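Protein chains get the first letters and strands the later ones, always in sequence-line order, with residue 1 at the start of each. All values reported here derive from a predicted model rather than from experimental measurement.
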There are 2 protein chains.
Amino acid sequence: MRISELSRRSGIPTPTIKYYLREGLLPPGRATAATQAEYDEGHLRRLRLVRALIGVRGLSVSATRDVLGAVAARAGELHQVLGLVLGARPVGDEAAPEDPPEGEVEALIGELGWNVSEHAPARAVLGETLETLRSLGAELDHASLLGYAELAERTAVLDLDQLDPRADPLEQAERALLLTVLLEPALLALRRLAQENESARRNT
Amino acid sequence: MRISELSRRSGIPTPTIKYYLREGLLPPGRATAATQAEYDEGHLRRLRLVRALIGVRGLSVSATRDVLGAVAARAGELHQVLGLVLGARPVGDEAAPEDPPEGEVEALIGELGWNVSEHAPARAVLGETLETLRSLGAELDHASLLGYAELAERTAVLDLDQLDPRADPLEQAERALLLTVLLEPALLALRRLAQENESARRNT
DNA sequence: CTAATATAGATAGTGCCACTATCCAGTATC
DNA sequence: GATACTGGATAGTGGCACTATCTATATTAG
């Protein structure tokens with residue numbers, strides 16, 4: 001399939017596809033001549049994945065590239081991928097160079113007995129968010145934090161249940177990415193609906 | 001307090017504060033003369049809140065304005081605020097005009113017996129996300145969705161426990177906003193850590 | 001075989017957004 | 001009264017995600 005068909009089947013304008021090719025979000029097609037290349041179903045799938053990450057979850061192009069790169073590089077080690085895949089700060093941010101020990105996060109992970117990589121970006125995200133809340137006077141007490149962590153644990157069990165460990169590793173990793181990232185808005189939406197319901201329940 | 005002190009105490013440059021004033025994220029100060037106005041602690045608090053919404057959660061300036069407006073307008077009806085506060089699409093998006101009935105979401109809400117407003121934007125967000133997942137071939141079965149919803153329910157209980165129903169309604173609403181919105185990255189980070197842990201556990 | 005169409009790759013331009021800089025006339029303060 | 005600061009207005013900046021155009025080639029319809 002040539003680029004115009006890729007565009008037609010994905011609904012994405014040709015110039016945008018070229019842009020994604022330049023940015024490395026989409027691997028180049030198999031060149032058949034100086035001005036001709038051939039794309040396959042994999043490209044189409046990848047293109048849809050890219051659009052979902054950018055459009056639904058609001059990742060930036062460069063964050064998307066990083067995430068996809070991480071998945072490709074570590075397709076074999078699914079748990080690394082799951083943990084690492086999203087340094088993706090909501091906004092630029094570029095990870096403050098200062099690296100406070102963030103004892104609270106370490107302690108929590110230790111207390112729960114979680115086995116997670118030292119470098120998981122989620123550690124830093126968690127630490128920063130707790131710090132921000134504290135600085136705004138809305139500190140979370142330890143018991144609540146533990147409660148949230150336990151719910152996260154059960155969410156993760158549900159998440160992992162969606163995966164079929166017998167599938168091809170790369171496909172598996174892409175599916176994990178899809179479920180990890182794209183489910184995020186859905187889980188947050190569920191939380192907001194549940195909050196509204198719970199708030200209504202308490203105020204009657 | 002004049003604008004320079006507001007800037008010094010918040011760490012935000014004066015021109016940016018002026019920009020927020022223009023954009024309506026911060027109410028104007030009490031004018032004492034043609035070129036003089038007085039700001040108070042409330043302005044400082046609001047400014048920090050704005051920064052947190054924009055910086056930590058990545059809301060756009062206009063989304064932030066909408067959210068703050070909604071909170072101010074409905075400080076009395078906390079549960080409405082909690083549910084409504086975040087139509088905030090991750091990225092522009094502007095809510096597709098097509099409005100499919102989204103029967104799945106309605107059914108879920110009915111099944112759970114949740115009492116939420118007809119117009120809660122979270123309904124649409126949820127519907128769209130499920131639709132996207134389906135179109136990418138990563139559909140969620142009903143049982144899993146129910147599982148996630150039940151976990152959301154328990155998260156909401158924890159959330160509401162953080163609020164003190166005796167506090168001033170506006171302050172209460174702002175705190176709710178803080179906890180709803182700023183906790184989001186933390187909850188997602190917890191989920192990713194838990195995923196990595198669970199994945200490691202299953203693969204040993 | 002030719003004319004119309006399509007293509008890869010390169011370069012430049014666009015529109016939006018979140019600031020940031022500058023200017024001005026009017027205080028405030030020393 | 002000189003200097004610094006202020007509110008308000010207007011204009012400029014840099015980054016980002018595209019989008020448009022151009023050129024040299026390739027394919028294809030007639």
Query - Separation of atom CZ in R2(A) from atom C1' in dA26(D), rounded to whole Å - result: 10 Å
Query raised in the report: Any sub-3.5 Å donor-acceptor pair from Q195(B)'s side-chain atoms to A156(A)'s backbone N or O?
Result: no
Report task. For S7(B) and I3(B), indicate whether the former's side chain and the latter's backbone hold a donor-acceptor pair under 3.5 Å. Result -> no
Query raised in the report: Taking atom C1' of dT7(C) as reference, at what distance in whole Å does atom CD of E38(A) sit?
Result: 12 Å
Query raised in the report: For R8(A), which contact category applies under a 4.0 Å heavy-atom criterion: base, sugar-phosphate, or nothing?
Result: nothing
Report summary line: Testing dG7(D), dA17(D), dT27(C) for proximity to the side chain of I3(B), the answer is dG7(D)
Query raised in the report: Tell me: CD1 of I12(A) to P of dA17(D), nearest whole Å?
Result: 15 Å
Requested in this report: Look at R134(B) together with E104(B) and state whether they make a salt bridge at an N to O cut-off of under 4.0 Å.
Outcome: yes
Report summary line: Within residues 15-25 of chain B, those residues having any heavy atom closer than 4.0 Å to DNA chain C are P15(B), T16(B), Y19(B), Y20(B), R22(B)
Query - Lys/Arg-Asp/Glu bridge criterion (N-O < 4.0 Å) met for D159(A), R154(A) - result: no
Tabulate below the donor-acceptor pairs under 3.5 Å that side-chain atoms of residues 12-35 of chain A make, not counting sequence neighbours, or state none.
| from | atom 1 | to | atom 2 | distance (Å) |
| --- | --- | --- | --- | --- |
| E23(A) | OE1 | R65(A) | NH1 | 3.2 |

Query raised in the report: So, does R123(A) use its side chain to make a donor-acceptor pair with the main chain of S117(A) at under 3.5 Å?
Result: yes
Query - Protein-nucleotide distance (Q36(B), atom CD; dT29(C), atom C1'), rounded to Å - result: 11 Å
Query - Residue S60(A), side-chain heavy atoms: nucleotide from dG7(D), dA8(C), dA17(D) that is nearest - result: dA17(D)
Query raised in the report: Could you state the CZ-P distance from R65(B) to dC17(C), rounded to the nearest angstrom?
Result: 10 Å
Report task. Could you state the atom-to-atom distance from OH of Y39(B) to C1' of dC5(D) in whole Å? Result -> 13 Å
Query raised in the report: Is the side chain of N197(A) donor-acceptor paired with the backbone N or O of V116(B) at a distance under 3.5 Å, no angle test?
Result: no
Query raised in the report: Could you give the CE-to-C1' distance, from M1(B) to dC5(D), as a whole number of Å?
Result: 16 Å
Query raised in the report: If you find the nucleotide of DNA chain C closest to A33(B) and the one closest to V61(B), which residue's nucleotide is nearer the 5' end?
Result: V61(B)
Query raised in the report: Between dT7(C) and S4(A), is there an OP1 or OP2 to side-chain N/O distance shorter than 4.0 Å?
Result: yes
Query raised in the report: What about T35(B), does its side chain sit under 3.5 Å from the base of dT27(C) through a donor-acceptor pair?
Result: no
Query raised in the report: At under 4.0 Å between heavy atoms, what does T32(A) touch on the DNA or RNA strands: base, sugar-phosphate, or nothing?
Result: nothing
Report summary line: note: E5(B), atom CD; dA28(C), atom C1'; distance rounded to Å ~ 15 Å
